J.: 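The structure is given below, and queries will be raised subsequently.
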Amino acid sequence: MTIMKSGISRRAFLGLGATAAVAAGAGLAGCSPASSEGGSAQAAQGSASSESSWKTAPEEITEFAKEYDCDVVVCGHGFAGITACRELAEEGYKVILVEKQPEDTYAAVGNEFAALNASILKERGVPEIDPVEFFQNWMTITGNYPNQELVMKFAQHSGENSDWYLSELSDSDFETMTTAFFPKTEHQLDNIGPIKFWPSVCSFYGDCNQTKIHEYNRAVAQEKGAEFLFSTEALYVIMNNGQVAGLVAKNPDGNLKLNARAVVIACGGFGGNAEMMADLMPDMYHALVGDEQLTSMSANDGRGVQMAYWAGAHLETCPIPGMNMKGLSLPGKMNCLPQAVWIDENGKRFCNEYYATSEQRGLATVYKSRKTKFAVCDANFPEYRQYTIPQHAGFTATEENIASLQESLDKAYAIFKGTYEEPEQAEGEGGGMGPVTTIDFIADDTLEGLAGQLGLTGDAVANFVETISNYNAYCEAGADQEYGRDAAVLFPVKEPPFYACTFDPVLGETMVTCGGIITDGDQNALDENFEPIPGLYVSGNDCGRRFGYEYITPIPGCSLGMAITLGRECGKSVGAYLA
């Protein structure tokens, strides 16, 4: 027996003792990073509502082109899905993985992942990390909101699971791997105040990328008997008397029924679903102004979260975090220039510019006017810029990058003096990377002159000069009495020429969403009473309570790192359930 979660109360729904059975609804896409209709460009319309259309499960499908029998179905070939699949196959279970992308064009999304104590990193001299210290630091940053079991599993098992994930790579594959922020540059920091950071990351931007590594893991799973159904869209979980009985999917052959005792949902979030973003990220939705929209670089339409919800799973009750959504301003400005002083349209500072966690650093901009803001520095900025921490939006202070920064400042000063001549550029030259060369600075010999160039007038000019004077006094005293910026990163703005760049804030975009369904420490989805739903597991970016109110990176690449480690741990949990 199957029912839809629609038109009845949750209490009545659970009282029926049956399950959500749903089919493909018009306009609903699948659970891979492949593009979907509307996708990330669609604006979030309407407000969060319990009557949102995505919460209504489509009708049950009863006719199938093909039927499969297996132990477990994995939905999604992302980092969590492939590791769960491989683990279960290696344990001897019959696994079928469904993935919407075609096999011949399959591509993994993302390049680098956090890996605590992975063997390849230790071989290269990356310092070991105490898992307990990492856990405590994570919980401090996130306000103790995340599921402590999941965070500790990541901390304790990242090394061994990263080794396992990379086990099929050749020596030549590893030669293409780099480690962001390692070796450390001269002034690279390990912490700002109580918040710690580590350069323990595996970066695969070369010939051996994550798609290739996924293919390696897929081959191992297939060798152990796993079956992969590409070009296949997961539709809904089949439930029977309150427990999982399989999955309904579809592909070009028609509707498919996969009979199984367990389903792992790892479909990658809901960034491509405007309605779900408005519902599940209400803090950002209601902070938008003017033409701002909730958008995402991801086209994942939320099918994973939908399927779990239709099957009775509990949605997260706090706003779901996005990756780099709340105030991380790109390209190359504001959050990427924390060593500078940030000034608003009134000529005043408005926050701690160098708050330790980059993803939280620009939170103040969410609740400020969207008028132009400014990052201000002095002639010593190439030195101050070298004080960085290993995290997203960080800056690698190589000689080349510092020289490029100095060139940008020199260009700005030459423009100010009227002596700048555009250099001849050979064919194929140009471009640049992120905050290194793409910032257009404004220069002046005086603060008053710089204020005028920034468009400040009247009281705003006086405020600007006074603000910088007060800030310099805080730097000299070693204590920021205004916004509490840590003494280790208080850099004065005293030596001319002075420089600034502008930023026009626009909020609402996220790379991906990072949650949705509440699980226990085994990633077993929980029902409305926070009891496990037998056979229903959720991992990766569909799994909630891994972060706080925003994604964080005490190591770059925590999202993929967590997916790899917790994906395998989810596979182990499912194996224990099936045993």
Side-chain angles (χ1 to χ4, degrees), residues 31-33 40 44 76 78-81 108-114 138-139 141-151 153-154 158 265-274 276-285 294-306 308-309 313-328 357-360 362-363 366 391-393 507-519 523 525 538-567 570:
C31 51
S32 79
S40 61
F79 292 82
V109 177
N111 298 290
E112 63 185 19
F113 66 92
W138 187 279
M139 302 310 288
I141 297 172
T142 57
N144 204 37
Y145 171 75
N147 184 326
Q148 296 185 25
E149 294 178 76
L150 294 182
V151 176
K153 277 188 175 181
F154 173 51
S158 175
I265 293 175
C267 298
F270 53 89
N273 188 312
M276 290 183 72
M277 290 183 74
D279 279 359
L280 301 178
M281 306 173 107
D283 55 337
M284 284 305 297
Y285 176 78
L294 292 182
T295 61
S296 175
M297 295 173 62
S298 167
N300 293 342
D301 76 334
R303 178 56 57 79
V305 173
Q306 292 171 5
Y309 175 75
H314 202 308
L315 294 172
E316 280 195 87
T317 56
C318 289
I320 292 169
M323 183 179 291
N324 307 336
M325 188 177 205
K326 298 181 174 74
L328 180 57
T357 310
S358 66
E359 296 84 5
Q360 300 171 348
L363 286 176
V366 176
Q391 61 180 193
H392 283 177
L507 278 294
E509 181 182 19
T510 184
M511 295 180 69
V512 296
T513 59
C514 301
I517 298 297
I518 295 178
T519 75
Q523 294 169 85
V538 182
S539 194
N541 276 339
D542 293 329
C543 177
R545 296 187 61 232
R546 293 170 300 132
F547 302 96
Y549 53 82
E550 180 67 326
Y551 177 66
I552 58 168
T553 53
I555 304 172
C558 282
S559 177
L560 300 191
M562 270 197 159
I564 291 165
T565 292
L566 295 182
C570 182

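Predicted, not measured: the structure shown is a model, and the values here were computed from it. Below, all heavy atoms of this structure are taken into account, side chains as well, without hydrogens, waters or symmetry copies.
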J.: Could you tell me which residues satisfy side-chain contact (heavy atoms from CB on, under 4.5 Å) with S158, sequence neighbours excluded, listed by chain and number?
T.: A115, L116, F154, S162, T565
J.: Report the C-alpha separation of H392 and Y551 in whole Å, then their side-chain angles, then the decisive distance to 0.1 Å, and conclude whether the ring-ring contact (aromatic ring centres under 6.0 Å, His included) test is met.
T.: CA-CA 10 Å; H392 283 177; Y551 177 66; 5.8 Å; yes
J.: Would you indicate whether the side-chain heavy atoms of Y309 and H314 approach each other to under 4.5 Å?
T.: no
J.: Holding to side chain to side chain donor-acceptor pair (under 3.5 Å), I want the full list of residues that pass it with D283, two or more places apart in sequence or in another chain.
T.: K326
J.: Counting only N and O atoms by type, is there a donor-acceptor contact under 3.5 Å from the side chain of W138 to the main-chain atoms of I552?
T.: no
J.: Less than 4.5 Å apart, any side-chain heavy atom of P319 and any of M281?
T.: no
J.: How many angstroms lie between atom CG of N273 and atom CZ of R303, to the nearest 0.5 angstrom?
T.: 9.5 Å
J.: For E149, give me all partners under side chain to side chain donor-acceptor pair (under 3.5 Å), at least two apart in sequence or on another chain.
T.: none
J.: For the backbone of F270 and the side chain of T513, can you confirm whether one donor and one acceptor N or O come within less than 3.5 Å of each other?
T.: yes
J.: For P321 and F547, which heavy atoms make the closest approach, and how far apart are they?
T.: CG-CB, 4.1 Å
J.: Sub-3.5 Å donor-acceptor pair from the side chain of N300 to the main-chain atoms of G272, do we have one?
T.: no
J.: Quick one: list whatever passes side chain to side chain donor-acceptor pair (under 3.5 Å) with T553, sequence neighbours left out.
T.: E359
J.: Measuring from I320:CD1 to L315:CG, what's the distance to the nearest 0.5 Å?
T.: 7.0 Å
J.: For the OG1 atom of T519 and the CZ atom of R545, what is their distance to the nearest 0.5 Å?
T.: 8.0 Å
J.: Got a second to check how far I265's CD1 is from Q523's CD, nearest 0.5 Å?
T.: 12.0 Å
J.: Okay, side chain of T510, backbone of S296: is any donor-acceptor separation there less than 3.5 Å?
T.: no
J.: Counting C-beta onward and ignoring hydrogens, is there a side-chain heavy-atom pair between M511 and M325 closer than 4.5 Å?
T.: no
J.: Sequence neighbours excluded, which residues qualify as side chain to side chain donor-acceptor pair (under 3.5 Å) partners of E112?
T.: S203, Y205
J.: I need the minimum non-hydrogen distance between G268 and N541, along with the two atoms involved.
T.: C-CB, 3.9 Å
J.: E509: what forms a side-chain contact (heavy atoms from CB on, under 4.5 Å) with it, not counting sequence neighbours?
T.: T295, M297
J.: Is there a side-chain contact between L150 and C543 in this structure, where contact means two heavy atoms from C-beta onward sitting under 4.5 Å apart?
T.: yes
J.: Y145 and E316: side-chain donor and acceptor closer than 3.5 Å?
T.: yes
J.: Atom SG in C318, atom CG in L280: separation rounded to 0.5 Å?
T.: 12.0 Å
J.: For G322, is there any backbone N or O sitting under 3.5 Å from a side-chain donor or acceptor partner on E550?
T.: yes
J.: Using modelled atom types and a 3.5 Å cut-off, is there a donor and acceptor pairing between side-chain atoms of R546 and backbone atoms of G540?
T.: yes
